[in-house]
**Student:** 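This structure is in structure tokens; I'll ask about it shortly.
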Amino acid sequence: MRQSQIKGEWPWHIAGVILGLVVVFAFITGHPVGTATTYERVAGHVLQFFFPKYVANTVHYFKEAAPVAEWQVMFVLGMLLSGIIARYFVTRGKGEEIPAMWAGSFGDNKRKRYLQALVGGFLLLFGSRLAGGCTSGLFISGGSQLAVAALVFAGGMFASGIVTAKILYRGRNL
Amino acid sequence: MTELVRTGTPLSVLLLGLITGVAFGFVIFKVGASRYDKIVKMLLIKDFTVLKFMMTAVMVASVGIFLTDSVIYIAPLQLMRLIVGSLIFGVGFALLGACPGTVLVAFGEGKKDAWYGVLGGLLGAVVFAHVYPSLIDILITPLDYGKMTIHGLFGTSYALGVVFLLIVFGGSILIINKLTASKGGTQSQTGAKNVS
């Protein structure tokens with residue numbers, strides 16, 4: 001199985017060094033990188049518009065993730081923006097409806113893929129919030145500050161991730 | 001009309017966050033980490049690009065943060081929440097083929113399934129916020145070892161902790177390169193030195 005490096009993509013070591021420098025820049029300017037909390041802030045903000053009482057009475061929103069804009073919310077918006085920049089200036093095309101690899105193994109039922117993505121996203125953020133961070137917040141920021149929590153998180157996410165992927169693709173051609 | 005976004009953060013800091021996010025996301029895009037197949041093939045133990053990329057970033061950042069003395073916050077080693085949370089996370093990771101950050105890049109790229117991933121993520125965050133109070137006693141507070149670091153665990157200096165991380169991550173990358181190279185020279189185009 002050859003590893004694919006699509007034309008124009010950066011090799012892992014160069015990209016890794018650049019990402020590491022971006023992380024250092026974030027720390028020097030006073031902020032650890034992180035993503036998961038923002039989902040809660042944004043969701044809290046939307047909910048607050050419709051159900052202000054509910055949000056005010058849900059202790060967690062105000063204690064640990066008040067629905068306000070701050071550095072991390074902007075960081076997350078920046079990631080979204082980078083994708084938009086990539087789309088209009090690099091790939092210059094419409095994004096794929098469903099991943100080609102997925103379609104190759106599971107067929108072209110879009111609804112099935114979207115449902116899987118929805119459930120996946122749900123578990124991803126529920127798990128993140130429970131663990132106290134995600135790949136960026138816990139593994140990258142945490143690991144870069146030598147937090148043991150980062151290593152435990154990485155171990156857990158790869159353990160269940162590998163098992164889940166193996167089960168999903170068992171007996172299917174790649 | 002109430003203000004749309006409450007913010008007590010200065011505009012300069014918000015702008016800094018945005019710029020950092022664009023840089024972070026663009027590197028993720030450029031290495032292919034916003035691609036479903038890259039993530040899932042990593043979990044199927046067939047493509048280690050993203051894993052090596054992340055470990056390299058952590059190695060560089062750990063040295064940079066050490067040299068500039070800019071540690072901000074050590075996540076507490078709360079084993080229960082970390083283990084249960086990461087195991088749930090991993091299932092979502094494999095189903096979606098992205099993590100909370102990379103799915104946003106994919107969303108920006110216009111990938112349709114990422115839209116559902118983000119929506120699911122927002123729902124997951126809401127449900128978590130709702131059930132959080134009932135989880136505190138069973139998952140958050142038990143087995144809490146506080147702000148534990150690698151050097152704190154071994155009782156060594158911070159510098160030695162960084163060296164330990166470099167050896168473990170760097171060693172892992174070298175081993176991965178050796179193993180994948182022996183399976184058929186998969187690293188040749190990324191310039192690995194250990195092609196024997």
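Computed over heavy atoms, backbone and side chain alike; hydrogens, waters and symmetry mates excluded. Worth saying up front: this structure is predicted, and the values here are computed from it rather than measured. Chain naming here is simple, since letters A, B, ... match the order of the sequence lines and numbering starts at 1 in each.
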**Student:** Let me check something: do Leu79(B) and Leu151(A) share a hydrophobic cluster, defined by ILVMFWY side-chain heavy atoms less than 4.5 Å apart, either directly or through other members?
**Tutor:**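 Yes, Leu79(B) connects to Leu151(A) through the hydrophobic network.
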
**Student:** Out of Leu153(B), Leu119(B), Ile83(B), Val127(B), return the one with the most heavy atom pairs under 4.5 angstrom to chain A.
**Tutor:** Val127(B)

**Student:** Please look at Ile14(A) and chain B and tell me whether the side chain, the backbone, both or neither of the residue comes under 4.5 angstrom of a heavy atom of that chain.
**Tutor:** neither

**Student:** So which of Val162(B), Leu96(B), Val126(B) has the largest heavy-atom pair count under 4.5 angstrom toward chain A?
**Tutor:** Leu96(B)

**Student:** Quick one: do Leu104(B) and Thr35(A) satisfy side chain to side chain contact (heavy atoms under 4.5 Å, CB included)? Show the steps, please.
**Tutor:** CA-CA 10 Å; Leu104(B) 290 161; Thr35(A) 310; 3.9 Å; yes

**Student:** Taking only distance into account, with no hydrogens and no angle test, what donor-acceptor pairs under 3.5 Å do side-chain atoms of residues 56-64 of chain B form with protein atoms, sequence neighbours excluded?
**Tutor:**
from     : atom 1 : to       : atom 2 : distance (Å)
Thr56(B) : OG1    : Lys52(B) : O      : 2.6
Ser62(B) : OG     : Val58(B) : O      : 3.3
Ser62(B) : OG     : Met59(B) : O      : 2.8

**Student:** Which atoms of Ile65(B) are under 4.5 Å from chain A, going by heavy atoms: the side chain, the backbone, both sets, or neither?
**Tutor:** both

**Student:** Any idea how Phe139(A) and Phe169(B) line up, ring-wise: parallel (<30°), tilted (30 to 60°), or perpendicular (>60°)?
**Tutor:**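 Answer is parallel, since the angle falls under 30°.
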
**Student:** For chain B, find which of Pro32(A), Gly34(A), Ser136(A), Gly142(A) contributes the most heavy-atom pairs closer than 4.5 angstrom.
**Tutor:**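 Ranked by heavy-atom pairs under 4.5 Å with chain B, first place is Pro32(A).
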
**Student:** If you count heavy-atom pairs under 4.5 Å between each of Gly25(B), Gly32(B), Ala114(B), Gly124(B) and chain A, which one has the most?
**Tutor:**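 Among Gly25(B), Gly32(B), Ala114(B), Gly124(B), the one with the most close pairs to chain A is Gly124(B).
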
**Student:** If every non-hydrogen atom of Ala165(A) is compared with every non-hydrogen atom of Ala94(B), which pair is closest and at what distance?
**Tutor:** N-CB, 3.8 Å

**Student:** Side chain, backbone, both or neither: which part of Tyr169(A) has a heavy atom under 4.5 Å from chain B?
**Tutor:**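 Only the side chain of Tyr169(A) comes within 4.5 Å of chain B.
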
**Student:** Measuring from Tyr36(B):OH to Glu96(A):CD, what's the distance to the nearest 0.5 Å?
**Tutor:**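 Taking OH in Tyr36(B) and CD in Glu96(A), the distance rounds to 10.5 Å.
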
**Student:** Find the one option among Lys94(A), Lys110(A), His31(A) whose heavy-atom pairs under 4.5 Å with chain B are most numerous.
**Tutor:** His31(A)

**Student:** For Pro76(B) and Ala149(A), which heavy atoms make the closest approach, and how far apart are they?
**Tutor:** O-CB, 3.8 Å

**Student:** Quick check for you: to the nearest 0.5 Å, what is the distance between Phe158(A) atom CZ and Ile45(B) atom CD1?
**Tutor:**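 Between atom CZ of Phe158(A) and atom CD1 of Ile45(B) there are 10.0 Å.
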
**Student:** Hey, which of Ile140(B), Thr68(B), Val91(B) has the most heavy atom pairs under 4.5 Å with chain A?
**Tutor:** Val91(B)

**Student:** Report which part of Val33(A) has an atom under 4.5 Å of a heavy atom belonging to chain B: side chain, backbone, both, or neither.
**Tutor:** side chain

**Student:** Quick check on Val163(A) against chain B: is it the side chain, the backbone, both or neither that has a heavy atom closer than 4.5 Å?
**Tutor:** neither

**Student:** Determine the option with the most heavy-atom pairs under 4.5 angstrom with chain A, choosing from Val27(B), Ile72(B), Ile88(B).
**Tutor:**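 Most pairs with chain A among the choices: Ile72(B).
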
**Student:** Identify which of Leu81(A), Leu80(A), Val22(A) forms the greatest number of heavy-atom pairs closer than 4.5 Å to chain B.
**Tutor:**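 Max contact count across the listed options: Leu80(A).
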
**Student:** Let me know if Val118(B) has heavy atoms under 4.5 Å from chain A in its side chain, its backbone, both or neither.
**Tutor:**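 Backbone plus side chain of Val118(B), per the 4.5 Å heavy-atom cut-off to chain A.
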
**Student:** With hydrophobic residues grouped by side-chain heavy-atom distances under 4.5 Å, do Val17(A) and Phe48(B) end up in a single group?
**Tutor:**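 Hydrophobic grouping puts Val17(A) apart from Phe48(B).
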
**Student:** Looking just at side-chain N and O atoms, do Tyr54(A) and His130(B) make a donor-acceptor pair shorter than 3.5 Å?
**Tutor:**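 Short answer, yes.
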
**Student:** Would you find more than 12 non-hydrogen atoms of other residues, nucleotides or ligands less than 6.0 Å from Lys147(B) atom NZ?
**Tutor:** yes

**Student:** Side chain, backbone, both or neither: which part of Ser160(A) has a non-hydrogen atom closer than 4.5 Å to chain B?
**Tutor:**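 When you check distances to chain B, atoms from both the backbone and side chain of Ser160(A) fall under 4.5 Å.
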
**Student:** Quick check: are there more than 12 heavy atoms from other residues, nucleotides or ligands sitting under 6.0 Å from NZ of Lys166(A)?
**Tutor:**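 Atom NZ in Lys166(A) is crowded, with more than 12 foreign heavy atoms closer than 6.0 Å.
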
**Student:** Which answer fits Ile85(A), side chain, backbone, both or neither, if we ask what part of it has an atom under 4.5 Å from a heavy atom of chain B?
**Tutor:** side chain

**Student:** So, Arg87(A) and Glu109(B), do they make that salt bridge, N to O below 4.0 Å?
**Tutor:**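 Here Arg87(A) does not pair with Glu109(B) in a salt bridge, since their nearest N and O are not under 4.0 Å apart.
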
**Student:** Under the side chain to side chain contact (heavy atoms under 4.5 Å, CB included) rule, collect the residues that match up with Ser157(B), sequence neighbours excluded.
**Tutor:**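 Checked Ser157(B) against side chain to side chain contact (heavy atoms under 4.5 Å, CB included); matches are Ala159(B), Leu160(B).
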
**Student:** Could you tell me which portion of Ile167(A) (side chain, backbone, both or neither) has an atom closer than 4.5 angstrom to a non-hydrogen atom of chain B?
**Tutor:**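 Contact with chain B is absent: no heavy atom of Ile167(A) under 4.5 Å.
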
**Student:** If you take all heavy atoms of Gly161(B) and Leu146(A), which pair is closest and at what distance?
**Tutor:**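 Distance-wise, the nearest heavy atoms are C-CD1, 3.4 Å.
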
**Student:** So which of Gly155(A), Ser141(A), Ser128(A) has the biggest tally of heavy-atom pairs under 4.5 Å with chain B?
**Tutor:**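 The candidate making the most pairs under 4.5 Å is Ser128(A).
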
**Student:** Walk me through it: do Leu44(B) and Leu168(A) pass the test side chain to side chain contact (heavy atoms under 4.5 Å, CB included)?
**Tutor:** CA-CA 10 Å; Leu44(B) 292 171; Leu168(A) 279 175; over 6 Å; no

**Student:** How close do Ala131(A) and Ser86(B) get, counting heavy atoms only, and between which atoms?
**Tutor:** CB-N, 4.1 Å

**Student:** Can you name the nearest heavy-atom pair linking Trp12(A) to Val31(B), along with the distance?
**Tutor:** CA-CG2, 3.9 Å

**Student:** Within the structure provided, determine whether Met101(A) and Arg35(B) are in side-chain contact (heavy-atom separation under 4.5 Å).
**Tutor:** no

**Student:** Is the Phe126(A) to Phe89(B) ring centre distance short of 6.0 Å?
**Tutor:**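 Distance test on ring centres: not under 6.0 Å, no.
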
**Student:** For the interface with chain B, which of Ile84(A), Val148(A), Thr164(A) has the highest count of heavy-atom pairs at distances below 4.5 Å?
**Tutor:**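 Greatest number of close heavy-atom pairs with chain B: Val148(A).
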
**Student:** To the nearest 0.5 Å, tell me how far Phe93(B) CZ sits from Leu123(A) CG.
**Tutor:** 13.5 Å

**Student:** Within a radius of less than 6.0 Å around CG of Asp108(A), do more than 12 heavy atoms belonging to other residues, nucleotides or ligands occur?
**Tutor:** no

**Student:** Any idea which heavy atoms bring Gln145(A) and Ile74(B) closest together, and the distance?
**Tutor:** O-CD1, 3.3 Å

**Student:** Using the rule that two of Ile, Leu, Val, Met, Phe, Trp, Tyr join whenever any of their side-chain heavy atoms come within less than 4.5 Å, decide whether Leu87(B) and Val84(B) are in one cluster.
**Tutor:** yes

**Student:** Where does Tyr114(A) contact chain B at under 4.5 Å (heavy atoms): side chain, backbone, both or neither?
**Tutor:**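 Both backbone and side chain.
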
**Student:** Under 4.5 Å between side-chain heavy atoms, counting indirect links through other Ile/Leu/Val/Met/Phe/Trp/Tyr residues: same cluster for Leu15(B) and Ile28(A) or not?
**Tutor:**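 Different hydrophobic clusters.
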
**Student:** Is chain A contacted by the side chain of Val71(B), its backbone, both, or neither, given a heavy-atom distance below 4.5 Å?
**Tutor:** both

**Student:** In terms of heavy-atom pairs under 4.5 Å, which option from Gly101(B), Ala23(B), Pro100(B) contacts chain A the most?
**Tutor:** Pro100(B)

**Student:** I'd like to know whether CZ of Arg172(A) has more than 12 heavy-atom contacts from other residues, nucleotides or ligands below 6.0 angstrom.
**Tutor:** yes

**Student:** If two hydrophobic side chains count as joined below 4.5 Å and joins carry through other members, does Phe29(B) share a cluster with Leu21(A)?
**Tutor:**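 In one cluster: no.
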
**Student:** Can you tell me which portion of Leu115(A) sits under 4.5 Å from chain B's heavy atoms? Options are side chain, backbone, both or neither.
**Tutor:** neither

**Student:** Rounded at 0.5 Å granularity, tell me how far CG in Leu18(B) sits from CZ in Phe75(A).
**Tutor:** 10.5 Å

**Student:** Just do the side chain to side chain contact (heavy atoms under 4.5 Å, CB included) check on Met54(B) and Thr135(A) with the steps written out, would you?
**Tutor:** CA-CA 9 Å; Met54(B) 287 196 300; Thr135(A) 323; 3.5 Å; yes

**Student:** OG of Ser144(A) to CZ of Phe66(B): how many Å apart, nearest 0.5 Å?
**Tutor:** 14.0 Å

**Student:** Hey, could you give me the CG/CZ distance between Leu130(A) and Phe128(B), rounded to the nearest 0.5 Å?
**Tutor:**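 Output value for this atom pair is 5.5 Å.
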
